Engineer: 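Sharing a structure here in structure tokens format.
Source: prediction; values computed, not measured. In each ligand, atom 1 is the first atom listed, and ligand 1 is the first ligand listed.
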Amino acid sequence: MKRCPSLVDAGRRSFLTGAGLATAGAAAATVLPAQAKAAPALALVKYPASRLANLKDLTVNEPHNVAYPDVNAPGVLLKLGTRVPGGAGPDGDIVGFTTLCPHKGFLLTYSTGDKTLNCPGHYSRFDCEKGGQQIWGQATQNLPQYALRVDAKGDIYAEGVDELIYGRLSNVL
Ligand code: FES
């Protein structure tokens with residue numbers, strides 16, 4: 001069988017072009033890590049400091065509704081009446097949490113009897129005296145807790161959140 005010389009040439013050209021692309025790709029792959037090293041990491045999220053309330057606004061064991069870090073993120077401030085780990089204020093008893101359940105985002109309600117936040121969706125429960133630790137239910141993480149600061153005038157500021165709030169890829173949009 002006799003081969004067509006044009007087809008043979010076209011085949012050689014394709015092969016050579018492909019080899020050229022492969023070489024260029026390998027060169028680019030060699031160069032990319034150096035470029036990646038040159039770019040600074042941008043993972044740091046800066047939270048807004050937001051005044052949520054004043055000490056005078058809080059009553060022991062009564063939830064005070066707030067929103068943080070923006071108006072679409074409901075949360076709660078609680079004056080628990082006993083000093084707790086991570087508690088803010090002169091008595092070390094003020095804590096703040098998101099009220100969106102980490103499981104599927106149902107709105108949590110506060111139970112004054114055992115100082116827990118409870119989910120009406122699938123019944124997860126979170127201990128407000130233990131940093132929002134999950135004590136029962138479907139959720140797979142503890143409740144995101146606010147980092148709080150109280151200034152000399154008694155104003156209570158949130159300055160961060162320790163876990164990802166439900167439904168977000170970043171707490172600060
Ligand atoms: Fe809260 Fe499912 S949404 S446990």
Engineer: What's within reach of atom 1 (Fe) of ligand 1, meaning protein N/O/S atoms under 2.8 Å?
Structural biologist: Cys101 SG, Cys119 SG
Engineer: Is there a salt bridge (Lys or Arg N to Asp or Glu O under 4.0 Å) between Asp91 and Lys79? Walk through the geometry before answering.
Structural biologist: CA-CA 9 Å; Asp91 302 322; Lys79 180 170 174 59; 3.1 Å; yes
Engineer: Only one of His122, Gln138, Gln141 passes side-chain hydrogen bond (donor to acceptor under 3.5 Å, both in side chains) with His103; say which it is.
Structural biologist: His122
Engineer: Using atom types as modelled and distance alone, determine if a side-chain donor or acceptor of Asp127 lies under 3.5 Å from a backbone N or O of Gly132.
Structural biologist: no
Engineer: Which heavy-atom pair separates Ala73 from Ile165 by the least distance, and what is that distance?
Structural biologist: CB-CD1, 4.4 Å
Engineer: Does any pair with a residue in residues 50-70 pass ring pair (Phe, Tyr, Trp, His ring centres under 6.0 Å), and if so which ones, sequence neighbours excluded?
Structural biologist: Tyr68-Tyr146
Engineer: Using modelled atom types and a 3.5 Å cut-off, is there a donor and acceptor pairing between side-chain atoms of Thr98 and backbone atoms of Leu100?
Structural biologist: yes
